[in-house]
Protein chains: 2
Amino acid sequence: MSQIDAVHAYLTDLQDRICAALEGCDGAARFVEDRWQREAGTTPIKGGGRSRVMKQGAVFEQAGVGFSDVSGDALPAAASAHRPELAGAPWRAVGVSLVIHPRNPYVPTSHANVRYFEARPKAGAPIWWFGGGFDLTPFYPFDDDVRHWHQVAHDLCTPFGEGRYATHKQWCDRYFFLKHRDETRGVGGLFFDDLNEGSFEQCFAYQRAVGDGYLDAYVPIVEKRKATEYGDREREFQLYRRGRYVEFNLVWDRGTLFGLQSGGRTESILMSLPPRVRFEYGYVPEAGSEEARLAEYLKPRDWL
Amino acid sequence: MSQIDAVHAYLTDLQDRICAALEGCDGAARFVEDRWQREAGTTPIKGGGRSRVMKQGAVFEQAGVGFSDVSGDALPAAASAHRPELAGAPWRAVGVSLVIHPRNPYVPTSHANVRYFEARPKAGAPIWWFGGGFDLTPFYPFDDDVRHWHQVAHDLCTPFGEGRYATHKQWCDRYFFLKHRDETRGVGGLFFDDLNEGSFEQCFAYQRAVGDGYLDAYVPIVEKRKATEYGDREREFQLYRRGRYVEFNLVWDRGTLFGLQSGGRTESILMSLPPRVRFEYGYVPEAGSEEARLAEYLKPRDWL
């Protein structure tokens with residue numbers, strides 16, 4: 001089996017396992033799958049995917065878990081800015097990407113992504129790298145939950161050497177940052193890109209640890225908080241904060257912007273957007289309120 | 001009075017008149033004003049403005065009408081890409097920008113903007129130009145309304161020469177275009193930038209015609225449709241379509257992106273976003289429905 005076929009097989013299985021686990025958590029709704037395929041020649045990016053969405057669940061207002069396997073004949077210069085030798089090379093990328101928007105404002109939103117990229121420049125050996133991570137976006141944060149999230153992230157990093165957790169945790173804090181708000185998107189987690197240190201096997205093992213770790217990190221938090229009572233106040237705050245998620249994804253997220261600008265499948269890319277959102281000019285939470293307290297969590301912090 | 005002081009005086013008066021007219025239309029809510037000021041040295045863009053927002057009106061769910069007067073010591077290269085001689089020059093810009101989100105889905109959303117820019121390069125004479133326009137975004141379009149909107153646009157252009165309406169109407173269709181959806185934001189109107197043909201007086205007169213024309217174009221449509229009955233179906237469609245407004249403003253609108261990336265006042269820039277929004281993966285309106293009919297309006301068309 002080629003490298004990319006091995007990653008492909010892991011990722012489709014991961015998508016199946018994540019969807020099954022989230023359906024178990026929800027207990028009511030099911031994922032609906034769209035299989036899509038784009039033929040070469042009709043679009044600069046060809047390939048296909050399995051976009052799966054659960055709508056209006058008991059626990060998850062919307063959960064989107066997508067797998068895609070896309071390729072192109074010539075990597076755009078914009079996509080290879082830091083590796084100019086790859087411009088124009090044939091490429092292929094496989095990935096699983098998910099965003100979960102729970103109904104209950106006490107359950108945080110979560111995001112995970114694991115991806116693998118290969119390019120075959122005319123001169124030289126094929127180039128490959130892994131990317132991915134997961135991050136958590138609470139509305140009403142609980143320190144126990146955030147520590148659990150980071151503990152799982154930390155522990156899965158341990159076999160991959162000292163500094164792995166710290167480096168990828170900091171990268172996550174830097175990446176999921178809304179410069180125009182001077183705040184992080186949430187409490188972070190792990191983020192990495194361009195990973196090809198050591199062997200393919202080592203990198204692939206790390207990607208699997210991250211992919212598998214996501215459920216270990218998220219499901220216990222969902223189970224703990226999903227029955228917490230809430231009212232209009234918490235729901236309105238959740239809708240307001242979801243606006244920041246939209247701002248990040250549409251203004252700053254390089255993956256989203258590259259996808260939309262390069263002719264990717266719009267519906268699959270924007271599956272990350274929350275089902276309902278509220279924007280309000282000049283909103284400031286009441287001083288000392290639970291809503292005001294969230295701001296303390298939107299600065300990078302050492303959680304362990 | 002200097003050129004920019006004359007434009008400043010016109011714009012603050014225009015903001016007053018537009019707010020008064022919209023309050024008259026609404027009959028219930030009032031605009032609340034935030035005056036803001038940023039001192040030189042604390043930010044690359046200094047200056048101030050009057051951001052006015054009407055929230056939760058009877059007719060307008062949210063109406064934002066902002067005036068700003070901002071300046072900088074050195075124009076960033078990104079802002080002067082097509083006029084490299086201006087990079088690094090001191091500059092000042094005044095403008096009024098508004099976005100109106102009505103409650104009733106039969107009343108279209110509207111946007112208008114009029115702005116004036118001056119730069120003083122070290123070598124050569126001061127440079128100035130005008131920009132602006134207005135455009136309409138219906139949810140359930142009525143041909144009469146769209147024709148009225150374009151008739152006002154056409155008629156105000158007439159004194160400024162043959163071709164003015166056609167040119168700026170086409171520019172509007174091109175500018176308010178969601179490439180990732182292959183659709184326009186709405187039914188268009190006028191858009192122009194870099195206008196400095198002929199004299200300052202002629203250009204300023206055109207800007208005043210556009211600014212004054214906005215109310216002539218919009219208010220009759222609001223009055224005609226604001227009492228139309230609607231239900232959940234229409235409301236849900238309106239919330240869904242507002243998602244496209246968010247997508248345009250955050251992904252494609254150069255003014256919004258430049259403002260957010262260069263340290264503009266976030267709350268004033270994002271005053272354009274709708275108060276409530278819905279995103280839905282894979283939504284397709286029922287064939288033959290009123291909702292499906294909107295797609296015909298999201299391609300440029302000659303309305304007169």
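Atoms considered below: every heavy atom in the structure, side chains included; atoms not considered: hydrogens, waters and symmetry mates. Everything numeric here is computed off the predicted structure, so don't read it as measured data. Proteins get letters first, then strands, A, B, ... in listed order; numbering begins at 1 in each.
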_Residue list, ring pair (Phe, Tyr, Trp, His ring centres under 6.0 Å) with B:F67, at least two apart or on another chain_ = B:H8

*For A:F134, check ring pair (Phe, Tyr, Trp, His ring centres under 6.0 Å) against everything at least two apart and list the hits.*
A:W149

*Segment of A:V53 engaging chain B (4.5 angstrom heavy-atom cut-off)*: side chain

Considering only heavy-atom distances, could you tabulate the donor-acceptor pairs under 3.5 Å between chain A and chain B?
from, atom 1, to, atom 2, distance (Å)
A:D34, OD2, B:Y281, OH, 2.7
A:K55, NZ, B:E280, OE2, 3.0
A:K55, NZ, B:Y281, O, 2.8
A:H180, O, B:T266, OG1, 2.6
A:R181, NH1, B:E267, OE2, 2.6
A:E236, OE1, B:R276, NH2, 2.4
A:E236, OE2, B:R276, NH1, 3.3
A:E236, OE2, B:R276, NH2, 3.2
A:R265, NH1, B:Y281, OH, 3.0
A:T266, OG1, B:H180, O, 2.6
A:E267, OE1, B:G282, N, 2.5
A:E267, OE2, B:R181, NH1, 2.6
A:P275, O, B:F279, N, 2.9
A:R276, NH1, B:E236, OE2, 3.2
A:R276, NH2, B:E236, OE1, 2.4
A:R276, NH2, B:E236, OE2, 3.2
A:V277, N, B:V277, O, 2.9
A:V277, O, B:V277, N, 2.9
A:F279, N, B:P275, O, 3.0
A:E280, OE2, B:K55, NZ, 3.0
A:Y281, O, B:K55, NZ, 2.8
A:Y281, OH, B:D34, OD2, 2.7
A:Y281, OH, B:R265, NH1, 3.0
A:G282, N, B:E267, OE1, 2.5

*If you count heavy-atom pairs under 4.5 Å with chain B, which of A:V246, A:L239, A:V32 comes out on top?*
A:V246

_Contacts of A:F60 that satisfy ring pair (Phe, Tyr, Trp, His ring centres under 6.0 Å) - sequence neighbours left out_ = none

_Pick from B:L178, B:I269, B:V277, B:L273 with the largest number of heavy-atom pairs that fall under 4.5 Å of chain A_ = B:V277

*chain B contact via A:L260 - side chain, backbone, both or neither, heavy atoms under 4.5 Å*: both

*Heavy-atom pair with the smallest gap, counting every atom of A:L257 and B:V251*: CD2-CG1, 4.3 Å

